[in-house]
Amino acid sequence: MIPIISVGHVPLIGTYIKSMYIAVALDENHEPLLIAVALGTINCDESCVWFMRRLKECLGDNMEVGFISHMSDSIDFAVQKVYPDSYHGYFCKNIVEKIRASTRNNTVVEQLFWNTCKMYNVSDFYRSLNTLQNEVNGNDLHWLDNIAIAKWIHAFFPKVCFNVKFINIPDVVNWIRTNRQKLPIPIIIQMVHDFMQGVYGQRAAFGVNFTREFHGLLTPYALKVLQKRFINSDGCRVKHIVGDRYEVTSLQRLEIEEIQLMVNYKLTTAVYRNAYQTEMVNPIPNLMHWEIPVESVVVLPPRQFT
């Protein structure tokens, strides 16, 4: 299973900088995990490439990942530059927002788009796309032809078609973005650091309770999803073929303990505890050790008026 990372840049209001770059994934309990954060200029190719290169240094050259993001030329350029062989898709809600504007909030068209987007079979996709095109005036969605279908159609996602999800940014970023006070960069960095330390501390304590409160191999989220699907597929028999391929037939009931062994190892309580048993957020180095770009811009503190 290829991990999917959501990347994006968030404009900051009332600060001395223009944007916060973020990379977020999901942990074993399906909770957002902030991997990297940086401050820079929004819609800037150089800033975005710098951020992606630092992210690759953190993850390692040999780790295969996929990316999902808002539609952004800068992010497109950066992913292609730093991860040329990786999958990169778009957050479909961005496309839906444009569809609403183009069709004057036509809910039927919006639902048809979602049906088309979520098709995993190519023939079903084209049939659904034809229905969508028949429902609207071709001119209303002419811009959709300029977006590569591999960016938003599940049927064309390579290898990761069942694992693509845009992850919301952490609350701390939303708080900073809407804060009206002009904050210096060191304070913003320290604020993010302290917030995430608190989050990871809570999750570490939560993970310790797995051994006492949860008697299964899986995290609470994974176990809940598994139980729901187990009920829906009651009476099915699963036969392993090869790799990640299975044959499903009916008339035989599997115990849920058996099914747990078929779930990806990354969704287990052991992995969750291992992820949060140590400090996840590196301490912020002293100011004298900060990396200063060659073409840096000195931002002066605010003037004090009396």
Side-chain angles (χ1 to χ4, degrees), residues 1-12 18-27 30-38 40 42-45 47-49 51-52 55 59 64-84 86-103 105-107 109-120 125 128-129 132 140-178:
M1 182 181 293
I2 300 176
I4 297 296
I5 298 176
S6 289
V7 292
H9 42 62
V10 181
L12 300 180
K18 296 182 179 180
S19 178
M20 175 175 288
Y21 288 88
I22 57 173
V24 185
L26 290 176
D27 68 11
H30 220 65
E31 296 174 318
L33 176 67
L34 183 63
I35 298 177
V37 60
I42 196 168
N43 292 328
C44 174
D45 291 351
S47 292
C48 203
V49 169
F51 175 70
M52 292 299 295
L55 177 64
L59 299 177
E64 186 178 8
V65 296
F67 296 95
I68 195 84
S69 73
H70 294 290
M71 290 184 291
S72 166
D73 292 340
S74 295
I75 295 179
D76 283 347
F77 177 77
V79 172
Q80 181 62 31
K81 185 80 173 178
V82 182
Y83 282 94
S86 69
Y87 165 76
H88 177 211
Y90 289 146
F91 185 32
C92 290
K93 284 188 177 180
N94 287 155
I95 303 178
V96 168
E97 291 171 357
K98 295 188 66 175
I99 289 178
R100 289 172 184 166
S102 301
T103 62
N105 293 323
N106 188 322
T107 56
V109 174
E110 181 178 335
Q111 185 58 49
L112 285 173
F113 168 80
W114 280 118
N115 292 340
T116 304
C117 174
K118 296 179 180 180
M119 291 297 175
Y120 290 104
F125 156 68
S128 182
L129 180 63
L132 174 63
D140 289 342
L141 297 180
H142 66 279
W143 50 267
L144 192 58
D145 295 332
N146 297 325
I147 303 177
I149 57 177
K151 293 283 191 179
W152 60 278
I153 301 298
H154 289 194
F156 292 90
F157 288 168
K159 295 193 289 186
V160 293
C161 58
F162 298 102
N163 190 36
V164 175
K165 183 176 181 179
F166 188 86
I167 307 153
N168 291 329
I169 61 177
D171 293 338
V172 64
V173 180
N174 278 328
W175 186 89
I176 295 174
R177 182 173 58 178
T178 57

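Heavy atoms only: backbone and side chains are in, while hydrogens, waters and symmetry mates are out.
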Residues passing the salt bridge (charged side-chain N to carboxylate O under 4.0 Å, His left out) test with Glu110, sequence neighbours excluded, are Arg100
So with a 6.0 Å cut-off around CG of Asp145, is the heavy-atom count from everything else above 12? yes
Under a 4.5 Å cut-off applied to non-hydrogen side-chain atoms, are Ile5 and Tyr83 in contact? no
Would Cys44 and Tyr21 satisfy side-chain contact (heavy atoms from CB on, under 4.5 Å), going step by step from the backbone distance to the final call? CA-CA 11 Å; Cys44 174; Tyr21 288 88; 4.3 Å; yes
CD1 on Ile147 to OH on Tyr90, rounded to 0.5 Å: 7.0 Å
Straight-line distance of Ser86 OG to Ile4 CD1, nearest 0.5 Å: 9.0 Å
Between OG1 of Thr116 and CH2 of Trp152, what distance do you get to the nearest 0.5 Å? 6.0 Å
Where Ser69 and Val7 come nearest, the two heavy atoms and their spacing: CB-O, 3.2 Å
Could you give the distance from NZ (Lys81) to SG (Cys48), rounded to the nearest 0.5 Å? 13.0 Å
Do Ile95 and Trp143 touch side chain to side chain, with heavy atoms closer than 4.5 Å? yes
Output for pair (Asn115 CG, Leu129 CG), nearest 0.5 Å, gives 12.0 Å
Taking all non-hydrogen atoms of both residues into account, name the closest pair between Ile35 and Ala25 and its distance. CD1-CB, 3.6 Å
Interatomic distance, NZ@Lys151 vs CE@Met71, rounded to 0.5 Å, equals 11.0 Å
With a 4.5 Å limit on heavy-atom distance, are the side chains of Phe113 and Thr103 in contact? no
Apply side-chain hydrogen bond (donor to acceptor under 3.5 Å, both in side chains) to the pair His9 and Ser74, showing each step before the final yes or no. CA-CA 10 Å; His9 42 62; Ser74 295; 5.2 Å; no
